[in-house]
Participant: 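The structure under discussion is supplied below as structure tokens; questions concerning it will follow.
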Amino acid sequence: MPSLIDLRRRIRSVKNTQQITKAMKMVAAAKLRRAQERVVAARPYAGMLQQMLANVAVAAGGDERVGRHPLLAVREPKRIQLILLTADRGLAGAFNSNLNKAAQRFLEEHASSEVRLEAIGRKGRDFFRRRGAAISGEHIGISQKFTYADAAKIAGAVIERYSSGEIDAVYLLYNEFKSVIAQKLTVSQVLPVPLPESAEAVDYIFEQPPDQLLGTLLPRYVEIEVYRAMLESGAAEHAARMTAMDAASSNAADVIEKLTLYMNRVRQASITREIIEVVSGAAALE
Amino acid sequence: MPDLFELEIATPERLLARVPATEAQIPAANGYLGILPGHSPLLAELGTGEMSYTAAGRTRHLVVGGGWVEVTGDRVRVLATTAEDADEIDEARAEAALKRATERLSRPDLGVDSARALNAMRRAQARLEVKKRLRGGK
């Protein structure tokens, strides 16, 4: 039977842990709110750009130069680039391990081609470095604080590799923010750009020839895709951490309750034992 | 003919305006576009410079840099790479940026990206101009 002092010590330690998890939950909640705002703020531009791209593609449909744009070129996917977005830190439930598992599945599914990883986030990089996977680039420490320019830089490097024929396809793997309690693992193809469909054909006056417009729109579209994935992943990370820390806090409360109950029983038992000792000692003297 | 059009101005990071406007002056790459309701559908690259629009009788000024402008029916969309409201412009920063860009341009031996520096210079100039004009008008 553990002593009273030991039990008290354990309760105190669990209480400390609970305080930490509670604080982490609050921090995650505050960060989540900010991340969510950014996701919402970035939505209009992404939507409009997609529509504009679709309109240009339709309006320029007859132009054969358009189909030859390097970012639309479909090649046999021999070398694939996978951009894996994970968190830099753990303690976010299954957030990172789900991503890593999905990435591993992706590698197995595409075993016939050479897959190279671009790791955004420490957890993904560490996981695949231990396994000796091919990592073409890593971006650690930016998932907490990044701007559009950071996303554009990552996208720019990928675009260059794609245009030069170094890679044949690019995919993004990230957690999409669905709600505070739900994230959705998403794999999306970035390159070759899957041209969005447009129902309406607008008869534009083009100030620049359509293929020139497309030439600037397409890289931007790729940048936006990366940027959006980073935003979604960031919000999803904070949501996952918040949920995990909430669960941890209530687990700690359960443990404290059980330990307190046990401690009271132990104390009661020792008091009873002492009384018996006193009583039987007195009885023996008579 | 409608007397209003929906004006949307957005950058990758945020939406700056979504308002029914009566007119807009937009710096396209090949010169300024004056847009009134009922404009024909148009697609153009956006230049760097001052843009203004009038909504609900008030004219607002912005500085935009790079991107596209799309006119379709009763909607005008400005997708700018950078954009800021006249009130948000930090004059000291713009001046510093202008100085830096001018310096870079005057020393081509440094191997700087002259297109980028030129762009930065234009943007800074546009910012300062807007500020100056708005102050003069008051």
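Labels below follow one simple rule: chain letters A, B, ... track the order of the sequence lines, proteins then strands, and each chain is numbered from 1.
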Participant: For residues A:Ile205 and B:Pro41, determine if any side-chain heavy atom of one lies less than 4.5 Å from a side-chain heavy atom of the other.
Facilitator: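 In short, these two side chains do not touch, never coming nearer than 4.5 Å.
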Participant: Flag the pair B:Leu43 / A:Leu213 as yes when at least one side-chain heavy-atom distance between them is below 4.5 Å, and no otherwise.
Facilitator: yes
Participant: Applying side chain to side chain donor-acceptor pair (under 3.5 Å) as the test, list every pair that has at least one member in residues 171-184 of chain A; sequence neighbours left out.
Facilitator: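 Those involving residues 171-184 of chain A are A:Glu176-A:Thr186.
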Participant: Could you tell me whether A:Arg75 atom CZ has more than 12 heavy atoms of other residues or ligands within 6.0 Å of it?
Facilitator: yes
Participant: Restricting to salt bridge (Lys or Arg N to Asp or Glu O under 4.0 Å), what partner residues turn up for A:Lys25, sequence neighbours left out?
Facilitator: A:Asp246
Participant: Listing needed: what donor-acceptor pairs below 3.5 Å join chain A with chain B?
Facilitator:
unit_1, atom_1, unit_2, atom_2, d
A:Gln51, OE1, B:Arg77, NH1, 2.7
A:Asn55, ND2, B:Glu70, OE2, 3.1
A:Tyr148, N, B:Glu13, OE2, 2.9
A:Tyr204, OH, B:Glu70, OE2, 2.4
A:Ile205, N, B:Pro41, O, 2.9
A:Ile205, O, B:Leu43, N, 2.9
A:Glu207, N, B:Leu43, O, 3.0
A:Gln208, OE1, B:Glu45, N, 2.8
A:Thr216, OG1, B:Trp68, NE1, 3.2
A:Arg220, NH1, B:Thr81, OG1, 3.3
A:Arg220, NH2, B:Thr81, OG1, 3.0

Participant: Side chain, backbone, both or neither: which part of A:Ile224 has an atom under 4.5 Å from a heavy atom of chain B?
Facilitator: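 For A:Ile224, side-chain heavy atoms alone lie under 4.5 Å from chain B.
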Participant: If you count the non-hydrogen atoms of other residues, nucleotides and ligands that lie under 6.0 Å from CZ in A:Arg89, is the total more than 12?
Facilitator: no
Participant: Of the backbone (N, CA, C, O) and the side chain (C-beta and beyond), which part of B:Ala28 lies under 4.5 Å from a heavy atom of chain A, both, or neither?
Facilitator: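 The side chain, not the backbone.
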Participant: Which of residues 160-170 of chain A get closer than 4.5 angstrom to chain B, counting heavy atoms alone?
Facilitator: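 So far as heavy atoms go, nothing in residues 160-170 of chain A approaches chain B to under 4.5 Å.
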Participant: Would you give the length of the straight line joining atom CG of A:Leu217 to atom CG of B:Leu79, rounded to the nearest 0.5 angstrom?
Facilitator: 8.5 Å
Participant: Which bit of B:Ile9 comes within less than 4.5 Å of chain A, counting heavy atoms only: side chain, backbone, both or neither?
Facilitator: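 Neither part; nothing is under 4.5 Å.
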